[in-house]
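Presented below is the structure to which this report refers.
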Amino acid sequence: MAAIAKPSRRRRSAAWLAAGLAAALIASPAARAQAVKDEPKAKADAKPAAKKAARYEVPPTYANVHYGDHERQVLDFFKADSPTPTPLVVNIHGGGWVAGDKVGVGGLKRYLANGISVASINYRYIKQAEEQGLKPPVKGPLEDAARAIQFLRSKAGEWNIDKTKIAATGGSAGACSSLWLAFHDDMAKPDSPDPVARESTRLFTAAVSGAQTSLEPKQLREWIPNMRYGGHAFGFSGPGGNGRDSQFQKFYDHRDEVADWIKEYSPIAHVTRDDPPIFMIYPAQDKPPVKGEEQKDPTHTALLGLILEEKLKAEGVESRLDYIGRKDPEFPDIPSYLIAKLKPAKP
């Protein structure tokens with residue numbers, strides 16, 4: 001007998017909906033009216049069920065582990081097979097600190113195959129930080145990232161992590177968070193009653209894609225005349241927080257009122273000569289960037305990398321910068337760089 005094909009979830013949802021309406025037609029007039037009223041909602045409910053959820057290349061060793069009390073303060077951990085403590089790559093997702101999720105880590109299988117464990121974190125969005133009364137709102141996602149690093153260090157013994165070799169990576173806002181961690185002075189609190197808070201926040205290295213390196217509006221406008229990103233980090237985000245990129249001029253005009261916040265939460269403001277090596281790549285750059293020219297994608301332009309590179313060179317910090325017209329001669333992508341840094345070849 002020929003096998004009977006199993007209908008798709010979308011078709012089954014449609015069939016169930018049709019059957020429900022048919023039953024309603026032989027029911028009472030009130031029931032029929034309610035069925036017609038519920039039809040749009042039933043269709044809407046059927047759609048998400050048919051959508052395939054995003055997944056990792058391999059399942060995490062531990063999933064949705066809380067590093068804080070908020071529902072977004074969770075991480076997934078992938079343990080590399082190794083008899084000795086492993087380096088760790090911490091992935092911080094992008095999305096402008098207003099969207100995105102931890103699922104999806106570029107190079108995950110490559111890291112694990114090279115004996116490098118991986119963690120991918122969620123964090124509070126800007127809107128959630130505002131709802132909690134945090135000022136500035138960017139304090140939420142950035143300090144969550146720091147807390148996640150501390151939590152992972154506190155799990156070093158249990159999860160076989162080498163505390164001295166922790167790297168951060170991410171794209172866009174996740175890249176900005178990674179750089180902020182790389183440059184910021186250690187936020188450990190040695191006298192805290194909380195053992196997690198006593199752990200270091202410092203990194204061994206960071207490798208990022210499309211990073212916002214500065215949140216200083218005057219500096220950004222000088223380099224990138226059509227810059228529009230950053231005001232939402234400090235509360236300039238429009239009614240209901242829905243105008244992330246529409247309030248830059250207001251942010252620029254009121255810059256002096258939030259100068260202390262900018263200094264604290266802008267990565268470039270923390271660069272000193274004792275900082276770890278950095279790798280930056282700007283894949284969205286459509287042509288070699290020129291300072292003072294408008295950019296097709298000002299939020300992710302390689303000019304942001306050049307701003308930071310200028311400061312890193314002045315301080316003697318090792319850095320690499322990759323964009324169209326200036327490709328890195330040794331490392332074609334972020335995993336290549338991090339694997340070489342965290343697991344150098346033996347002589």
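Only a predicted model underlies this, so the values are computations on that prediction, with no experimental measurement involved. In what follows, every heavy atom counts, from backbone to side chain, and hydrogens, waters and symmetry copies are set aside.
- A donor-acceptor contact shorter than 3.5 Å links the side chain of Gln128 to the backbone of Tyr125.
- At least one donor-acceptor pair closer than 3.5 Å links the side chain of Arg147 to the backbone N or O of Tyr67.
- Counting only distance, with no hydrogens or angles, the side chain of Thr205 and the backbone of Pro277 share a donor-acceptor pair below 3.5 Å.
- Ser172 and Gln212 share a donor-acceptor pair across their side chains, judged by distance under 3.5 Å alone.
- Between Thr201 and Gln150, the side chains place no donor N or O within less than 3.5 Å of an acceptor N or O (distance only, hydrogens not considered).
- Under the 4.5 Å side-chain contact rule for hydrophobic residues, Val74 and Ile161 do not share a cluster.
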Report the C-alpha separation of His270 and Asp185 in whole Å, then their side-chain angles, then the decisive distance to 0.1 Å, and conclude whether the side-chain contact (heavy atoms from CB on, under 4.5 Å) test is met.
CA-CA 7 Å; His270 294 281; Asp185 288 345; 5.9 Å; no
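- Annotation: Asp194, atom CG; neighbour count of heavy atoms from other residues, nucleotides and ligands within 6.0 Å is above 12.
- For Tyr229 and His300, the distance between ring centers is not under 6.0 angstrom.
- Of the possible polar contacts, none joining the Asp328 side chain to the Asp322 backbone as a donor-acceptor pair under 3.5 Å is found.
- Panel note: side chain Gln285, backbone Tyr323; no donor-acceptor pair is recorded below 3.5 Å.
- Once rounded to the nearest 0.5 Å, the distance linking OG1 of Thr213 with CG of Leu304 reads 5.0 Å.
- Considering all non-hydrogen atoms of both residues, Gly305 and Met280 come closest at O-CE, 3.7 Å.
- Taking both residues in full, the closest heavy atoms of Phe183 and Pro267 are given as CD1-O, 3.4 Å, listed atom of the first, atom of the second, then distance.
- To the nearest 0.5 Å, atoms CG (Leu215) and NZ (Lys263) are separated by 15.0 Å.
- Of the possible polar contacts, one joining the Glu216 side chain to the Lys218 backbone as a donor-acceptor pair under 3.5 Å is found.
- The CG atom of Leu306 sits 9.5 Å away from atom CG of Leu308, with the distance rounded to the nearest 0.5 Å.
- Through direct or relayed side-chain contacts under 4.5 Å between Ile, Leu, Val, Met, Phe, Trp and Tyr, Leu112 connects to Tyr56, Val58, Phe78, Val89, Val103, Val105, Leu108, Tyr111, Ile116, Val118, Phe204, Phe279, Ile281, Phe331, Ile334, Tyr337, Leu338, Ile339, Leu342.
- Salt bridge Lys311/Asp275: absent, no basic N to carboxylate O contact under 4.0 Å.
- Between Glu264 and Lys139, none of the side-chain N atoms (NZ, or NE/NH1/NH2) sits under 4.0 Å from a carboxylate O, so this pair counts as no salt bridge.
- Side-chain atoms of Asp162 never come within 3.5 Å of backbone atoms of Leu88 as a donor-acceptor pair (strictly under, hydrogens ignored).
- Aromatic ring orientation, Phe77 versus Tyr62: parallel (interplanar angle below 30°, classes split at 30° and 60°).
- Considering Asn64, Asn91, Asn122 in turn, Asn64 is the only one that fulfils the side-chain hydrogen bond (donor to acceptor under 3.5 Å, both in side chains) rule with Lys102.
- Atom OG of Ser336 is separated from atom CD of Glu330 by 9.5 Å, given to the nearest 0.5 angstrom.
- Between Phe234 and Trp261, the ring planes are parallel. Angles under 30° get that label, and only those over 60° would be called perpendicular.
- Heavy atoms of other residues, nucleotides or ligands lying less than 6.0 angstrom from NZ of Lys287 number 12 at most.
- The side-chain hydrogen bond (donor to acceptor under 3.5 Å, both in side chains) test with Ser177 singles out one residue from Tyr265, Tyr123, Trp97, and that residue is Trp97.
- No donor-acceptor pair closer than 3.5 Å links the side chain of His232 to the backbone N or O of Val98.
- Residue Arg202 comes nearest to Leu181 through the heavy atom pair NH1-O, 4.4 Å, listed as atom of the first residue, atom of the second, then distance.
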Determine whether Arg326 and Glu309 satisfy the following criterion, salt bridge (charged side-chain N to carboxylate O under 4.0 Å, His left out), listing intermediate values before the conclusion.
CA-CA 13 Å; Arg326 183 182 161 183; Glu309 183 185 55; 2.4 Å; yes
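- Rounded to the nearest 0.5 angstrom, Leu142 CG and Leu134 CG are separated by 11.5 Å.
- Between the NZ atom in Lys155 and the NZ atom in Lys79 there is a gap of 11.0 Å [rounded to 0.5 Å].
- Lys291 NZ: more than 12 foreign heavy atoms inside a 6.0 Å radius.
- Within a 6.0 Å radius of CG in Asp81, no more than 12 heavy atoms belonging to other residues, nucleotides or ligands are found.
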